[in-house]
Structure formats: structure tokens, C-alpha cells
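Accompanying notes for the structure given below.
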Amino acid sequence: MKQYSLFGEQDPVKDMKETAAAPDNQPGDAVPHDDKRPLSSYPAPPSEISFDIEATGPDPMSDTIVGISLCREMGKACYVPVRHTQGPNLESALEIVRPVLEDEAIKKIGHNLKYDMLILRREGVEVRGTLYDTMVAAYLLNPNRSDHSLENTGLEHLQYGKRPFREVLGKRSSFADVPIAEAVNYAAEDAALAMELKGILFERLREDDLEDLYFQTEMPLIYVLADMEEAGVKINRARLGELSKELQSEMSAMESGIYDLAGERFNINSPKQLAGILFENLGLKPGKKTKTGFSTGVDVLEELAKAHELPLIILNYRTLNKLKTTYTDSLPKLINPKTGRIHTSFNQTVTATGRLSSSEPNLQNIPVRGEWGTKIREVFIAEEGNVLLSADYSQVELRILAHISGDAGLLEAFRSDMDVHTGTAAEIFGVSPKEVTTDMRRIAKTVNFGVVYGISPYGLSEAISITPKEAGQYIDCYFEKHPGVKAYMDNIIMFAREKGYVATLLGRKRRIPEIRNPNTNARLQAERFAINTPIQGSAADLIKTAMINLAGRLRAQGMKSRIVLQIHDELLLETPSHELKEVGVMLKHEMENAMQLSVPLRVDIGWGPNWAEAH
DNA sequence: GCCGTCACG
DNA sequence: ACGTACGTGACGGCA
């Protein structure tokens, strides 16, 4: 077992150089001394250092530092207590690490550096320099896995983990109460493990040719995401409260009617109880089944609505309940009392395709459709003197499909700036674009979505309520008109079968082991992954590149505009009104020119005092 | 803790 | 005969 020691209670240089070679020197035996020289003032400043923050909680926007573990040489780590119940005070401890962490020339190694950077910023320490994030490295090596905790990553790549945090914490409420000797042993291990992981993970990144994606996209993106999370977005709290009240009164008004139609009172939010009412009491005909019983999902209820008036009322009730519980009731609880804004987390290591995700709260699934969608988006507002500036890619996934497939028809459609759904409708219905009806265009739009998802007759038939046979005819017709797209699908499946993975435009890889599974359903699903991942993932590469370039220009030109949200194909900025014109041009340009594809990229922009009007 | 459901791209 | 469109996160109900 490695030995770790306490920084701040003994000589840090001696500590880091000799601890590992002096097993007698138990961390708990650390000799107190007064050496508070900054780490960088010692001879031979390190070229790289790994570090890890122990904090009072998981939220970098509200929790505070308990201590910092540091490692500048493999196998030798130390721990700087900051707010333990006994230990050096905050200022002296942080001033020891500040010169190193703020030194641009020293590379920073860590596991989930965005978190550590944000929590340090709140103490006035600005992490700078090249980043080596081992969590992101582990993610690029295997994006199929969603848990890239330090413990898991250690287990996977080094065959050993670490003591569970909960075990160290015991019955104590905070890490600050863990006795120093134990805290040192636990915490120092983190920095040491990150340092050790860095070596092996970088070898593997190189083997998989992921270095460019890592250093040119994912590492710079960490700074952009940290800025976005720190900026947060302003919310009209009072208005949210009004919306909750409105939703509640509408729902209350519906309840007695629901109970009358059902013949009894029951929990409307319980699918199980609802199924009992619909399929037993009312004798309606069950449709699809779930693992646990008859489905009461939207497709089923819409079908039942033809036979009885209750299902439609239930659907409307559910919509209101969803909006109330998930948005108008929940968002106010996540307003940070210090900033008065909502600070989401943008997760960089979750999705299998390379997209970001957003959580606590998820700001990538804020309602947009219907009158309530508008009402809820009006609650997202700009600071006084600012506007919200929105920019979204038009048909980005189909444009990427055009680029990677080289399909002549798709290339031509985008180069001549056609309405692509209308074009598809004209093709599959055999009419001229002028003759395309709203219904035909709607179906064609679904077909185009289906193509990107890895279309199947069953999937398409479910989506537009036709028979699988008819759906198959649409698909055949589509492929006849788009042989390049058909060839892409055949080729990418063959590629996946041979290599075991697929890749995006920036070389992001996703292994698809099931592609060789003899089980037909498993294999077909794998084939849809193979088709969809390069498209969805390249779109993620594209907007990530745009974000990095845009953030760089905003910073270089000293602009006050901030990127506040990314919603897969959209960026939302908060922009001082006087910067609007300049930043609008810059934003559109950086998004449209983030990559040069064989079709033009088109970005629509809008702005306003709130998100609804910016769209 | 899992499931069904539903909000988004 | 079987049963799915791709990618997420959050909520309430229920074991």
C-alpha cells in the first residue's frame, strides 16, 4: 500500500520525494512545521501536477473546499487540509497551491477537472494551463459506459479501486470531521490515482487515435462548460410561482370530471390504477403491454380516446402534471441563493454518441411546444441591459448525413437550399414539390427522422400509424431516390462488423459489440446504433467545435456575452444589448464555419428578453 | 431501486 | 414468432 502524507504539517518537497521510500513515516505521524512557502518557489517546479478537491458536497456552485490532494510524481502524494475541524486555516492552505494551479505552464491532471475548477473559482483560485482529465479520457475510450467515477476507472484500467467515500465518512456528516490522519490517507490516494491513470489512459488514447479529439476538442471544452455552468441562467421566480398556481387550478378543475367518468376516486398518476379503471371498470380494449401490465402511454390513450372521453382528459391532465412537477414546481428549488440564477451541470462523459447531457436541472428538455411551452420558456430571462440570443442549426443531422454519405440527391437539396422535408415528400409520393400537402410533408419529415435513426418498417409504421408493409414501401421508395444513403447504411454496418466500432467526423469511437450477435433483434439494434452514432456524434463534434471557437473569440475580444446553454443543435447566449449586433454575427459565423462540409451549414438566430422570444 | 411515463433534440 | 425507431433526465408510484 502506498503511503501518503500531509502537506502543511511537514515539508512538502521532502514529503513528496521521500514518503514512498519511507514506509515508517505514517501519515498520522506528520511532524508539524511552519513551512508555508508556495509550492512553485521550491527548486524545479513540476511540469505537471495532479490534484483533487475534497468538498462538503457534490455541487461546485454551493459547496466548499475541505482539502486538496496533490501529486507531482507517481506514487507520492500529499494532502492539504483546508477546513478540517483541526488544521491550517483556509488562506494559508490555498495560498500554498494557488501559484501552482494558476501557473499556465504547469499541466493539470485530475479526474473531473471541471468540478475542481469551479469549486476553486469560488475561492478565488483560477486553474490555468493544459488539462489532462482522466474522466474524459476514460469516456472517450469507452463511451458506452456512463459511470466513469474515479473508482470505476481505477478498477477498469488499473485493476484496483479505492475505499468507498461513504466508508471513510462513516457516521460523520462531512469529510471535514474525518480525523486528519485518515483523511490524508483517503484523499491523497485520489491525486495519486489520477496521476497513475493518466499514464495508462494516454497510452490507450494514442492507440485508439483519440489524441486530437481529446486535446483539441474535449479538453478545451472543459473551460467552456465551466464558464457556462458558472454563468447560469436567470429565472423569473415569481412568474414560475404563478404558473404553478395556474396549472394546479386547471388540474383541480379536471379531477371531479375524471372521477365521475371513472366511477370512483383513484390516483390519476398511478399507471397501474389507471389501467384498472380503463381496462376493467370501463371495459376498454387494452393495446400494447409493458413488462408490468397494460400500457397507458400516450399512443394507447390516443387510440382509446376514439371510444371513450376519459382517456383524452387523462392525457391533458398528465401533460399539466408533468409541466408542474418537472418544471414550474422544481425549477425554483434550484435557483442558487447566491447568484439568483440556475446553474445546470453539463455532463461531458455520459452519452454513448458524444452529446452532452444536462442535469440538476436538465435544461436541455425545457418545454417548447404548445402554449405552456411558450409560457415556461418566458421564465428564462436575460439580466437587465441584456438579451437572450439563440442560434440553432437547421437540419444539422441530415446535412451531416449528406456529407458523410455523399448522396447526390441530399447534396443537391442542401446546396440549392431546398426544404428537405418537402423534397422527400415529393420523392416518396411521386409529385412535384408544389403539390406537396401538409400531411405529405409531415410523413416525409418522419421518414427523414427515421433514416437518421436507422429506419425499420416497424418503427416507421408505429410513428405514423400505418401498416409495416406500407412503411416498407415508403422506405424502399426513399432508398431508390437516395442510393447514396442506402450505400452509407450498408457500408457503415460492414465497417462496424469488421472493426467492431463506428466513428464520427472527429474520430470519436463507439464500440458496437452486438453487431455480430446471432440474435436478430440484438443485431438489428446494433445496426441502428452503427447508422445513427456517426450522424448524431458528428453533430455533437460540430457544435462542440463551434462552442470552443466562439468562446475563444468572445474572450479574445473582451466581450461580456456569455454562452449559457447548449441544447444539442442550439446555443443560447446572454448578451449585453450593445454587443448584440457584433456577437450575433460572430455566433452565426462560428457555428456555420465550425467545420467545412460538402454542404453548407445554416444557422438561424433570434433574440429577445426571454427564451421564448429569442427563438 | 426499478418501472412507466413524458419533457427535449 | 418476436417487437424497436436514435440520444438523454426527472418525476411519481410501487415493491
Side-chain angles (χ1 to χ4, degrees), chain A residues 143-144 146 266-275 288-301 314-315 317-331 333-334 344-347 349-370 372-373 376-377 392-398 401 446-464 468 471 475 502 510 512 519-537 539-540 543 565-571 611 615:
Chain A
N144 287 319
S146 58
F266 67 106
N267 187 340
I268 306 168
N269 297 317
S270 163
K272 189 181 166 163
Q273 292 183 37
L274 177 62
K288 286 186 299 193
K289 274 201 283 198
T290 66
K291 287 177 188 173
T292 54
F294 293 119
S295 169
T296 67
V298 58
D299 290 349
V300 173
L301 293 195
I314 297 285
L315 278 175
Y317 181 93
R318 272 197 185 153
T319 300
L320 301 181
N321 188 53
K322 179 82 171 187
L323 297 175
K324 180 168 186 289
T325 56
T326 308
Y327 304 103
T328 62
D329 285 352
S330 302
L331 289 176
K333 297 175 189 162
L334 290 159
T344 183
S345 292
F346 285 105
N347 313 304
T349 62
V350 171
T351 72
T353 56
R355 276 189 175 182
L356 299 175
S357 84
S358 158
S359 57
E360 285 178 293
N362 182 356
L363 295 185
Q364 292 181 322
N365 74 343
I366 299 302
V368 63
R369 293 155 200 157
W372 283 101
I376 290 173
R377 288 206 172 199
D392 64 290
Y393 282 111
S394 164
Q395 311 295 351
V396 67
E397 294 195 342
L398 285 173
L401 175 61
T446 311
V447 170
N448 280 332
F449 273 111
V451 167
V452 168
Y453 292 156
I455 200 160
S456 75
Y458 288 99
L460 182 62
S461 70
E462 284 289 315
I464 51 181
I475 294 167
V502 293
R510 177 184 183 180
I512 306 184
N519 177 296
T520 309
N521 286 332
R523 194 177 60 254
L524 286 175
Q525 183 183 43
E527 291 178 357
R528 293 195 297 274
F529 292 168
I531 290 165
N532 176 261
T533 298
I535 302 171
Q536 188 180 119
I543 196 167
L565 295 180
Q566 185 253 47
I567 312 98
H568 310 306
D569 64 356
E570 172 186 3
L571 294 179
W611 197 2
H615 230 285

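To find a chain, count down the sequence lines: A is the first, B the second, and so on, and within it residues start at 1. Because only heavy atoms are used, hydrogens play no part in the values below, and waters and symmetry mates are left out as well, while side chains stay in.
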- Message: Does A:V368 reach a base, just sugar-phosphate, or nothing at all? Heavy atoms under 4.0 Å.
- Response: sugar-phosphate

- Message: Categorize A:A539 for me: base, sugar-phosphate, or nothing, with a 4.0 angstrom heavy-atom threshold over every strand shown.
- Response: nothing

- Message: Show me the dot-bracket string of DNA chain C, counting Watson-Crick or G-U pairs under 3.5 Å, with | for pairs to another strand and [ ] for crossing ones.
- Response: .....|||||||||.

- Scan nucleotides 9-15 of chain C nucleotide by nucleotide, 5' to 3', and note B when protein non-hydrogen atoms come under 4.0 Å of the base, S if they reach only the sugar-phosphate, - if neither. BBSSSSS

- DNA chain C: A:Y458 or A:H568, which has the more 5' nearest nucleotide? A:Y458

- Between C:dG7 (C1') and A:N144 (CG): distance, integer Å: 13 Å

- Query: Under the 3.5 angstrom rule, does the side chain of A:T344 hit a backbone N or O of A:S359 as a donor-acceptor pair?
  - Reply: yes

- Query: What is the distance from CG of A:D569 to P of C:dG7, rounded to the nearest Å?
  - Reply: 17 Å

- What nucleic acid atoms does A:E462 come within less than 4.0 Å of, heavy atoms only: base, sugar-phosphate, or nothing? nothing

- Item | For A:K272, all residues meeting salt bridge (Lys or Arg N to Asp or Glu O under 4.0 Å), sequence neighbours excluded | none

- Closest to the 5' end of DNA chain C, once A:N532 and A:N521 are matched to their nearest nucleotides, is A:N521

- Query: Which whole number of Å gives the distance between the C1' atom of B:dC6 and that of C:dC2?
  - Reply: 27 Å

- Message: Could you work out, with salt bridge (Lys or Arg N to Asp or Glu O under 4.0 Å) as the rule, every residue matching A:K322, not counting sequence neighbours?
- Response: none

- Contact check, side chains of A:F294 and A:V300, non-hydrogen atoms, under 4.5 Å: no

- Query: What integer number of Å spans the C1' atoms of C:dA5 and B:dC2?
  - Reply: 24 Å

- Item | Where chain A begins and ends its contact with DNA chain B, read 5' to 3' at 4.0 Å from heavy atoms | B:dC3 to B:dG9

- Message: Classify A:T446 by what it touches in the nucleic acid, base, sugar-phosphate, or nothing, heavy-atom distance under 4.0 Å.
- Response: base

May I have the list of side-chain donor-acceptor pairs in residues 448-459 of chain A shorter than 3.5 Å, sequence neighbours left out?
from, atom 1, to, atom 2, distance (Å)
A:N448, OD1, A:T424, OG1, 3.1
A:N448, ND2, A:H421, ND1, 3.0
A:N448, ND2, A:T424, OG1, 3.0
A:S456, OG, A:G459, N, 3.0

- Message: At 4.0 Å (heavy atoms only), tell me whether A:S295 reaches a base, stays on the sugar-phosphate, or touches nothing.
- Response: sugar-phosphate

- Message: Using OP1 and OP2 only, check whether a side-chain N or O of A:R528 sits under 4.0 Å from C:dC6.
- Response: yes

- Round to a whole Å and report the spacing from CD1 of A:I543 to C1' of C:dG7. 14 Å

- Message: Please report the distance, rounded to the nearest Å, between CD in A:Q525 and C1' in C:dG7.
- Response: 12 Å

- Note on the structure: Applying side-chain contact (heavy atoms from CB on, under 4.5 Å) to A:L334 and not counting sequence neighbours gives A:P361

- Considering residues at least two apart in sequence or located in another chain, which fulfil the salt bridge (Lys or Arg N to Asp or Glu O under 4.0 Å) criterion with A:E570? none

- Query: Please give, in whole Å, the distance from C:dC2 C1' to A:R523 CZ?
  - Reply: 14 Å

- Message: Just to be sure I understand the rule, does A:G297 reach a base, reach only the sugar-phosphate, or reach nothing, if contact means heavy atoms closer than 4.0 Å?
- Response: sugar-phosphate

- Query: Looking across every strand, which nucleic acid part, if any, lies under 4.0 Å from A:I535 by heavy atom: base, sugar-phosphate, or nothing?
  - Reply: nothing

- A:P367: partners by side-chain contact (heavy atoms from CB on, under 4.5 Å), with sequence neighbours left out: A:L323, A:Y327, A:I376

- Taking only residues two or more places apart in sequence or in another chain, which ones pass side-chain hydrogen bond (donor to acceptor under 3.5 Å, both in side chains) with A:T353? A:Q536

- Who passes side-chain contact (heavy atoms from CB on, under 4.5 Å) against A:T290, sequence neighbours left out? A:T292, A:S295

- Message: Classify A:F529 by what it touches in the nucleic acid, base, sugar-phosphate, or nothing, heavy-atom distance under 4.0 Å.
- Response: sugar-phosphate

- Message: So if I apply the side chain to side chain contact (heavy atoms under 4.5 Å, CB included) rule between A:I314 and each of A:V298, A:T319, A:L274, which one comes out positive?
- Response: A:L274

- More than 12 foreign heavy atoms under 6.0 Å from CD of A:E360: is that the case here? no

- Message: Regarding A:T296, tell me which of base, sugar-phosphate or nothing describes its non-hydrogen contacts under 4.0 Å with the strands shown.
- Response: sugar-phosphate

- Note on the structure: Applying side-chain contact (heavy atoms from CB on, under 4.5 Å) to A:T325 and not counting sequence neighbours gives A:N321

- Task: May I ask you to say what A:L524 touches in the nucleic acid, namely base, sugar-phosphate or nothing, with a heavy-atom cut-off under 4.0 Å?
- Result: nothing

